[in-house]
Amino acid sequence: MRSNPTDRQGTLHLIPFFEGDWVKHIPRPQRTAPPTPGECAVFARRCQAAFRRTVELIGGRFVVGVHTSPAFRATAWTPVLRDTWLAAAEAGATIALHPHEEYLWVERRGQVAAHWRRVISEAIDRLKAIGLRPTAFRSGYGLLSPSMLPILETAGLTLDFSPAPGWRRLAGAPGWPGGWTSARWLCSRNPAHLRCGHRRSKILGIPIGAARVGSGKRWRYLVNEHCDLPTLQRIWDRLCEDAEGLPGPRCVNFIWCGYGLDRPGLVDQALSFLEYVLETGGIIPKPADLPYLFPERGPREWRTRRG
Ligand SMILES: [Zn+2]
Ligand SMILES: [Zn+2]
């Protein structure tokens, strides 16, 4: 691994983000009944096994998103899952809130801010009650509206993993411009703004690693369950090529979903991809160190050719 990554131009950093998702949530959850105690126990066992293998490879340098969508809200803190999140935190992992409330944009657009404020503060209180202090956030489906920024700042959720370049799949929902290809401080007025010159917020946004690869050159994303290993590697290689010669470090995230844990091949694939990242000179930093890697950028850097 490189000795002093912050000095290297275009050095690519990657943060693995494990989503504690039980089912796919695009855009509505495919399940509305809460999990049974038996299902919770199986899921917890799978998560713990995956975390142990991840820690063996990269220590605690990953994020665990506690999933709190409506059907799973009451069970997200039950003892067997509580012990799972605690074990991850004790191994050094960063705890994130991963609410998956994207149905709001479909059904209740006018109540988004009030609903978010309640969901986030209740979840943080529950996590604090079991000894966890979440510092990161990923909304679900990449959705992040301007009204959510002050809520996240107040809650101390200052690492946001929602950005996704080129992502706008839900009609009427906010999307992300194609230039959102590396970590940057979110604009205080609109998280989707790039190089606008407005005051920055206190939130560092880390996008999903994405590149236009394959036939049709459509965006492909570093999402473990959406790609095979060669595709993940191709996206990563493209990101490395694009980063070459650019000023300062760059950082993206890699999404790994809990709903794939019942397929051992997907766990192997996620870990093989992380090995590949390290073998090819990528850096997997501690999430808490990210704000120091990305000090506030000045106008000269806003004028660089890429985002
Ligand atoms: Zn998710
Ligand atoms: Zn702006």
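Note that ligands are numbered from 1 as they come in the structure, with each ligand's atoms numbered from 1 the same way.
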Test log, rule side-chain hydrogen bond (donor to acceptor under 3.5 Å, both in side chains), inputs T181 and R250: CA-CA 9 Å; T181 52; R250 298 173 67 75; 3.1 Å; yes

Three-point angle H100:NE2, the Zn ion (ligand 1), E19:OE1, rounded to the nearest 10°: 160°

Minimum side-chain heavy-atom gap W236-L12 below 4.5 Å: yes

Side-chain (Q269) to main-chain (L229) donor-acceptor, under 3.5 angstrom: yes

Any donor-acceptor N or O pair under 3.5 Å, side chains S201, W185: no

Angle subtended at the Zn ion (ligand 1) by D21 OD2 and H98 NE2, rounded to 10 degrees: 120°

Between CG on residue D160 and OG on residue S139, distance to nearest 0.5 Å: 7.0 Å

F17 vs W256, ring pair (Phe, Tyr, Trp, His ring centres under 6.0 Å): CA-CA, chis, key distance, verdict: CA-CA 6 Å; F17 188 110; W256 180 14; over 10 Å; no

For the Zn ion (ligand 2), every protein N/O/S atom that sits closer than 2.8 Å, waters excluded: C187 SG, H193 ND1, C196 SG, H198 ND1

Gap between atom CE of M148 and atom CZ of R117 - 0.5 Å precision: 11.5 Å

